[in-house]
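To keep things clear, I will list the structure first and then write my remarks on it.
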Amino acid sequence: MDSMKRKLVAMQQELERIADTGDDPAAVVELDQAKVGRLSRMDALQAQAMAKASGQRRAALLREIGAALRRIDDGSYGDCQRCEAPINPRRLEADPTARLCIDCASRTE
């Protein structure tokens with residue numbers, strides 16, 4: 001369990017580091033025709049949308065990591081939240097934030 005907690009904390013720190021670096025590519029795009037051409041604005045809007053989506057995915061993963069760390073602390077980590085069966089350790093190694101066993105996850109999809 002300690003190795004999973006270390007792995008989750010490392011993932012959390014890396015995502016927070018990424019979120020804290022540099023300029024905000026999701027910031028408002030300058031729409032001044034004199035400064036930026038139409039295609040450049042379109043590129044900037046597309047980059048802005050991609051950065052926003054990336055930030056949303058990062059925030060969702062941070063929430064999942066936090067939930068997994070809480071499950072470790074309360075002793076429920078590694079148990080399926082639907083059927084309460086143990087989650088295969090290989091599944092947890094591949095996705096330390098997994099909440100469901102493979103059978104329950106397959107039924108959900």
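Computed from a prediction, not measured in an experiment: that's the story for all the values here.
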Is there side-chain contact between Leu15 and Ile65, with at least one heavy-atom pair below 4.5 Å?
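Yes; the side chains approach each other to less than 4.5 Å.
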
Is the shortest heavy-atom distance from the side chain of Pro86 to the side chain of Cys101 under 4.5 Å?
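When only atoms from C-beta onward are counted, Cys101 and Pro86 do not touch, as no gap falls below 4.5 Å.
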
With the threshold set at 4.0 Å, does a side-chain nitrogen-carboxylate oxygen contact exist between Asp73 and Lys5?
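Lys5 and Asp73: salt-bridged.
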
Between Glu93 and Arg90, does any NZ, NE, NH1 or NH2 come within less than 4.0 Å of an OD or OE carboxylate oxygen?
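Answer for the salt bridge query: no.
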
For a salt bridge (Lys or Arg N to Asp or Glu O under 4.0 Å) check, start with the C-alpha distance between Glu16 and Arg58, then their side-chain angles and the critical distance, and finish with the verdict.
CA-CA 9 Å; Glu16 289 170 348; Arg58 188 172 39 254; over 6 Å; no

If you count heavy atoms of other groups shown closer than 6.0 angstrom to CD of Glu84, is the number above 12?
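Check fails, neighbour count at 12 or below.
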
Assess the residue pair Leu69 and Gln12 against the criterion (side-chain contact (heavy atoms from CB on, under 4.5 Å)); give the C-alpha distance rounded to whole Å, side-chain angles, the decisive distance to 0.1 Å, and a yes or no.
CA-CA 10 Å; Leu69 289 169; Gln12 183 179 45; 3.7 Å; yes

Is a donor on one side and an acceptor on the other found under 3.5 Å between the side chain of [X] and the backbone of [Y]?
{"X": "Thr108", "Y": "Cys104", "answer": "yes"}
{"X": "Arg71", "Y": "Thr97", "answer": "yes"}
{"X": "Tyr77", "Y": "Met4", "answer": "no"}
{"X": "Arg91", "Y": "Leu100", "answer": "yes"}

Under a 4.5 Å side-chain heavy-atom rule over Ile, Leu, Val, Met, Phe, Trp and Tyr, are Val9 and Ile72 clustered together?
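Yes; Ile72 is reachable from Val9 via cluster members.
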
Does Leu8 belong to the same Ile/Leu/Val/Met/Phe/Trp/Tyr cluster as Leu61, with side-chain heavy atoms less than 4.5 Å apart forming each link?
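Yes; tracing contacts between hydrophobic side chains, which count when under 4.5 Å, links both residues.
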
